[in-house]
Amino acid sequence: MSDESKTGELHPRYDWLDQARGFVVLMLITSMATGEFAGDIVMGEPILGPPMYNHGYDYYDGIPAIITFIDVGQPLFVFVMGFVGYTAFMSRLRKRGARSASLYAARRVLLLYALAALDAILLRSLTRGGPDWNMFWYGGTFSGIALGSLTAFVTSAIIRNADRRVLLGIAMMIIHALVYEFPISDHHTWYDDVLGLTKFPLGAWGLCSVAVFGSCFGQWFQMDKDDPLAGFQKRIAPASMFAMIAAYCMEWIQPSEHHDLPIALQLMAVYSGGLMLTIFFAFGKIGVRFPLLSSFGKNLLIMFALGGFVVSVYWDFLPKDLLQTEPLLLLLLVGIAPIAALGCLAVWLDKRGIMVRA
């Protein structure tokens, strides 16, 4: 943990939290690789790589959908953004005022929308002949993260008490469940397209709900400045377990689907995030750490962006026919090389103190 008075930061930096952030980056990089080499069962294109580290819909896009742990990656990313964003935003609000906090929030959101523009407007125009405006505003990965971050900032400023703010998160989840349940809006699945239903940003709404929970967990962690264990004991661990039970129950009623992010998957992100934070906090207490994870975590957004844009170009140059016959080469070129390359960059940035805050 860095010292605030020595670094000039508005709040202390926690290595265990960087470790957790780095773990999320590894999940995202891995899912990009497995998604690229998922093959096509119907067309006979072979599957390369482990399906357990990929989204289930890449293999079977049916009803109910197949869900894997990787499907929690994007909402888990937003949960972590809400957790760390609360501290960064509220520190500025308390110590520098509303203008500084608002500028910080605006920079974060605009940076994410700049990445969304690169993905949904520029790359889509180059590869598919035109921009995807729905993807840019609310339907894409970066726009969803931007909206989630904005929601965490705004709700933290308006509802200062986390025990009350979490009720808003619960209410947002219930609204999502009701809209998702009744035939009043168009789902990602194909079967209701013919009905011409109204578009509703189910996925983005779900991410915003998760972000609110992330901000509450961030505030609960600071419940006792002298004893960080208090927040885990009194709020984070119990809330994570309640979310796990609720997710289990909701899976029987509304099975998870990656794109529309039903309430069960939102709750899965909440309890996964809470348990992940608890684990890495405990690791920090007993002196267990993985240096590469800290380097990844300090530049979370850069690693995510490079994994999404630069590494995706790398896939196009790989000989898929050769990889199909050489599993060891598949492991080295697809499973290890991108992580190693991004890891080297992350360590280089870390050693030079270069961080793009997210």
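Scope of the values below: all heavy atoms of this structure, side chains included, with no hydrogens, waters or symmetry mates.
Cluster annotation: Ile245 and Ile253 are assigned to distinct hydrophobic clusters (Ile/Leu/Val/Met/Phe/Trp/Tyr, side-chain heavy-atom contacts under 4.5 Å, transitive). Hydrophobic clustering, with ILVMFWY side chains joined whenever heavy atoms are under 4.5 angstrom apart, groups Phe69 together with Phe304. Met268 is not connected to Phe242 by any chain of hydrophobic side-chain contacts under 4.5 Å among Ile, Leu, Val, Met, Phe, Trp and Tyr, and they are in different clusters. In the hydrophobic clustering of this structure, Leu115 groups with Val310; members are Ile, Leu, Val, Met, Phe, Trp, Tyr whose side-chain heavy atoms approach within less than 4.5 Å, directly or through other members. Side-chain heavy atoms closer than 4.5 Å link hydrophobic residues (I, L, V, M, F, W, Y) into clusters, and following such links, even through other members, never connects Leu110 to Phe142.
Panel note: side chain Asn299, backbone Ile302; no donor-acceptor pair is recorded below 3.5 Å. Formation of a donor-acceptor pair under 3.5 Å by the Gln324 side chain with backbone atoms of Pro46 is not found in this model. One N or O on the side chain of Ser143 and one on the backbone of Met135 form a donor-acceptor pair closer than 3.5 Å. Judged purely by atom type and a 3.5 angstrom limit, Glu326 has no side-chain atom pairing as donor or acceptor with the backbone of Leu329. In this structure, Ser185 contributes its side chain and Phe200 its backbone to no donor-acceptor pair below 3.5 Å. In this structure, the side chain of Arg21 engages the main chain of Gly297 through a donor-acceptor pair within 3.5 Å. Checking side-chain atoms of Ser100 against main-chain N and O of Arg96 turns up no donor-acceptor pair under 3.5 Å. A donor-acceptor pair under 3.5 Å is formed between the side chain of Gln266 and the backbone N or O of Leu261. Counting only distance, with no hydrogens or angles, the side chain of Asp18 and the backbone of Ser294 share no donor-acceptor pair below 3.5 Å. Under the 3.5 Å distance criterion, the side-chain polar atoms of Ser91 are left unmatched by any main-chain donor or acceptor of Ala88.
Checking Asp350 against Ser295 by side-chain atom types alone, a donor-acceptor pair falls below 3.5 Å.
One finds the NE2 atom of His176 at 9.0 Å from the CD1 atom of Ile263 (value rounded to the nearest 0.5 Å). Distance check, rounded to the nearest 0.5 Å: OH of Tyr180 to CG of Leu202 gives 8.0 Å. Taken from CZ in Phe290 to CD in Gln19, the straight-line distance is 7.0 Å, to the nearest 0.5 Å. Note that the CD atom of Gln74 and the CG atom of Leu265 stand 9.5 Å from one another [nearest 0.5 Å]. With rounding to the nearest 0.5 angstrom, the CZ atom of Arg92 is 11.0 Å from the OG1 atom of Thr87. Separating the CD1 atom in Ile174 from the CG atom in Leu167 is a distance of 9.5 Å, to the nearest 0.5 Å.
Taking 4.5 Å as the limit, every side-chain heavy atom of Ser31 sits out of range of all side-chain heavy atoms of Tyr53. Put simply, the side chain of Cys249 does not reach to within 4.5 Å of the side chain of Glu251, judged on heavy atoms. With a 4.5 Å cut-off on side-chain heavy atoms, Met244 and Val270 do not count as touching. Contact annotation: the side chain of Leu342 approaches that of Phe296 to within less than 4.5 Å [non-hydrogen atoms, C-beta and beyond]. Counting only heavy atoms from C-beta outward, the side chains of Val311 and Met32 never approach each other to under 4.5 Å. Looking only at side-chain heavy atoms (C-beta outward), Arg108 and Leu301 stay at 4.5 Å or farther from each other. Lys298 places none of its side-chain heavy atoms less than 4.5 Å from the side chain of Leu349. Here the side chains of Val24 and Leu26 are not in contact, with every heavy-atom distance at 4.5 Å or above.
Trp220 has its ring centre no less than 6.0 Å from the ring centre of Phe232. Here the two rings, on Phe89 and Phe153, have centers that are under 6.0 Å apart. The aromatic ring centres of Phe221 and Tyr14 sit less than 6.0 Å apart.
Taking every heavy atom of both residues into account, Glu257 and Pro262 meet most closely at O-CD, 3.0 Å. Of all heavy-atom pairs spanning Ser256 and Ile67, the tightest one is CB-CG1, 3.5 Å. The heavy-atom pair separating Leu323 from Leu318 by the smallest distance is CD1-CB, 4.1 Å. Among all heavy-atom pairs drawn from Ser272 and Val72, the shortest one is OG-CG2, 4.3 Å. Of all non-hydrogen atoms in Gly274 and Ile236, the two that sit nearest each other are O-CG2, 4.1 Å. In plain terms, the two heavy atoms of Met52 and Ile70 that are nearest each other are O-CG1, 4.1 Å.
The ring pair (Phe, Tyr, Trp, His ring centres under 6.0 Å) check on Tyr57 picks up His55, His258, His259, with sequence neighbours excluded. Asp119 meets the salt bridge (Lys or Arg N to Asp or Glu O under 4.0 Å) test with no other residue; sequence neighbours excluded. Ala230 pairs by the side chain to side chain contact (heavy atoms under 4.5 Å, CB included) definition with Asp224, Asp227, not counting sequence neighbours. For the side chain to side chain contact (heavy atoms under 4.5 Å, CB included) test, residues two or more places apart in sequence or in another chain that qualify with Trp348 are Leu345, Arg352, Ile354. Taking Met90 as the reference, Tyr86, Leu93, Arg94, Ser156, Arg160 meet the side chain to side chain contact (heavy atoms under 4.5 Å, CB included) condition, with sequence neighbours excluded. Tyr113 meets the ring pair (Phe, Tyr, Trp, His ring centres under 6.0 Å) test with Phe136; sequence neighbours excluded. For the salt bridge (Lys or Arg N to Asp or Glu O under 4.0 Å) test, residues two or more places apart in sequence or in another chain that qualify with Asp163 are Arg235. Shown here are the side chain to side chain contact (heavy atoms under 4.5 Å, CB included) partners of Ile286, two or more places apart in sequence or in another chain: Phe283, Val288. For Trp137, there are no ring pair (Phe, Tyr, Trp, His ring centres under 6.0 Å) partners two or more places apart in sequence or in a different chain.
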Please lay out, stage by stage, how Phe79 and Phe217 fare under the test ring pair (Phe, Tyr, Trp, His ring centres under 6.0 Å). CA-CA 9 Å; Phe79 176 88; Phe217 277 57; 5.1 Å; yes
Discussion item. Quick one, Glu36 with Lys320, criterion side chain to side chain contact (heavy atoms under 4.5 Å, CB included). Give me CA distance, side-chain angles, the key distance, then yes/no.
Written reply: CA-CA 11 Å; Glu36 178 69 22; Lys320 292 187 178 181; 3.8 Å; yes
Show the numbers, then the answer: is there a ring pair (Phe, Tyr, Trp, His ring centres under 6.0 Å) between Trp16 and Phe280?
CA-CA 5 Å; Trp16 66 267; Phe280 279 101; 8.4 Å; no
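Annotation for Tyr59: atom OH counts as buried by contact number, over 12 foreign heavy atoms lying within 6.0 Å.
Taking Ile, Leu, Val, Met, Phe, Trp and Tyr as hydrophobic and joining them when side-chain heavy atoms fall under 4.5 Å apart, one finds Tyr60 in a cluster with Ile66. Think of Leu103 as one node in a network of Ile, Leu, Val, Met, Phe, Trp and Tyr side chains linked at under 4.5 Å; it has no links at all.
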List the atom pairs, with distances to 0.1 Å, where a side-chain N or O of residues 205-216 and a protein N or O form a donor-acceptor pair under 3.5 Å, not counting sequence neighbours.
| residue | atom | partner | partner atom | Å |
| --- | --- | --- | --- | --- |
| Trp205 | NE1 | Met172 | O | 2.8 |
| Ser209 | OG | Trp205 | O | 3.1 |
| Ser215 | OG | Arg165 | NE | 3.0 |
| Ser215 | OG | Val212 | O | 2.7 |

